[in-house]
Amino acid sequence: NKGFDFLVSRRTSTASDVSLKGLSTGGKGVEGESQTQTGVKGTSNSGIGVNATSVSGNAIVATTTSGIGVLSNAGGVGILSQSENNNYGGSLRTRNTTTSNSELNVLEILSFSDNFPSTDGFGATIDFKCMTTDLSTVPLSNQLISKWTTASQAIRTSQFLIKGVSTAVT
């Protein structure tokens with residue numbers, strides 16, 4: 001059952017105001033659905049566009065039969081996931097429902113520039129950072145690097161590096 005439909009055309013707010021808040025003790029707080037566009041969209045110029053919290057269960061559920069389940073465009077960190085007490089901060093899963101004898105694509109990491117083609121040495125890194133005895137910093141402990149040694153499309157050659165730290169030097 002729908003409680004009500006509404007349209008907000010313009011709202012001036014202060015930092016503590018909430019344009020829309022859904023609160024439920026036994027169901028869904030806010031749900032958005034669209035057949036052709038965006039079901040729920042959160043935009044912020046200086047804060048958090050969408051903040052989802054769950055005491056038990058899923059804070060955000062995104063389902064799609066084709067397309068992107070969750071899309072993040074950010075000038076800073078695109079997606080931040082944090083968990084406590086030895087739980088996973090993230091879990092990426094791919095399920096194959098038709099066969100069990102093939103490789104499955106689980107993760108794609110892209111590195112690109114909008115303004116110019118790649119040159120030799122261009123690549124991507126995965127950085128592992130672990131807290132040390134200095135509680136004010138979380139320095140790089142290991143790094144996986146994938147890069148082009150020859151970036152020319154027809155003769156491209158890649159290199160994969162694993163870097164560690166020794167005596168505080170990477």
Side-chain angles (χ1 to χ4, degrees), residues 11-24 28-30 32 38-64 67-95 103-153 156-170:
R11 168 137 167 98
T12 304
S13 66
T14 63
S16 62
D17 285 346
V18 176
S19 296
L20 169 66
K21 181 177 183 178
L23 176 61
S24 173
K28 297 176 181 177
V30 175
T38 302
V40 173
K41 179 180 180 181
T43 303
S44 174
N45 290 331
S46 62
I48 297 172
V50 174
N51 184 0
T53 304
S54 175
V55 174
S56 171
N58 300 317
I60 295 177
V61 175
T63 304
T64 180
I68 299 171
V70 175
L71 172 64
S72 173
N73 292 308
V77 176
I79 296 175
L80 172 63
S81 174
Q82 177 176 319
S83 69
E84 298 177 359
N85 302 322
N86 203 30
N87 291 307
Y88 292 107
S91 176
L92 304 172
R93 303 171 187 184
T94 300
R95 182 177 63 159
E103 297 170 352
L104 300 177
N105 296 323
V106 176
L107 176 64
E108 179 180 52
I109 299 172
L110 300 163
S111 179
F112 59 92
S113 173
D114 289 339
N115 300 320
F116 49 87
S118 298
T119 58
D120 297 354
F122 185 79
T125 69
I126 298 176
D127 296 343
F128 295 88
K129 296 182 176 186
C130 300
M131 183 177 285
T132 64
T133 55
D134 180 354
L135 299 179
S136 66
T137 184
V138 183
L140 181 72
S141 59
N142 288 289
Q143 187 178 55
L144 302 178
I145 303 168
S146 177
K147 65 181 182 177
W148 295 120
T149 54
T150 304
S152 178
Q153 178 69 16
R156 64 189 183 277
T157 304
S158 65
Q159 182 180 36
F160 187 75
L161 302 168
I162 301 173
K163 283 190 170 182
V165 175
S166 179
T167 319
V169 178
T170 305

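Predicted model, so just to flag it, every value in this text is computed and none were measured.
Remark: L161 CG to L144 CG distance equals 9.5 Å, nearest 0.5 Å. Taking OG of S118 as the start and CD of Q153 as the end, the distance is 10.0 Å to the nearest 0.5 Å. Here the CG-NZ distance, from N142 to K129, works out to 13.0 Å after rounding to the nearest 0.5 Å. The CZ atom of R93 sits 14.0 Å away from atom CG of L104, with the distance rounded to the nearest 0.5 Å. Distance check: L107 CG to I126 CD1 gives 6.5 Å after rounding to the nearest 0.5 Å.
In terms of heavy-atom proximity, S136 sits nearest to D134 at OG-OD1, 2.6 Å. Considering all non-hydrogen atoms of both residues, M131 and L135 come closest at SD-CD2, 3.5 Å. Pairing each heavy atom of S111 with each of F122, the nearest pair is O-CE2, 3.3 Å.
Here D127 pairs with T125, Q143 under the side chain to side chain donor-acceptor pair (under 3.5 Å) rule; sequence neighbours left out. Judged as a side chain to side chain contact (heavy atoms under 4.5 Å, CB included), and not counting sequence neighbours, the contacts of F112 are L110, D114. With sequence neighbours excluded, the residues that form a side chain to side chain contact (heavy atoms under 4.5 Å, CB included) with V106 are L92, T94.
Inspection of the S113 and N115 side chains reveals no N or O donor paired with an N or O acceptor under 3.5 Å.
Remark: the backbone N or O of T157 is not paired with any side-chain donor or acceptor of T150 at under 3.5 angstrom.
Within a 6.0 Å sphere centred on CZ of F116, heavy atoms belonging to other residues, nucleotides or ligands number 12 at most.
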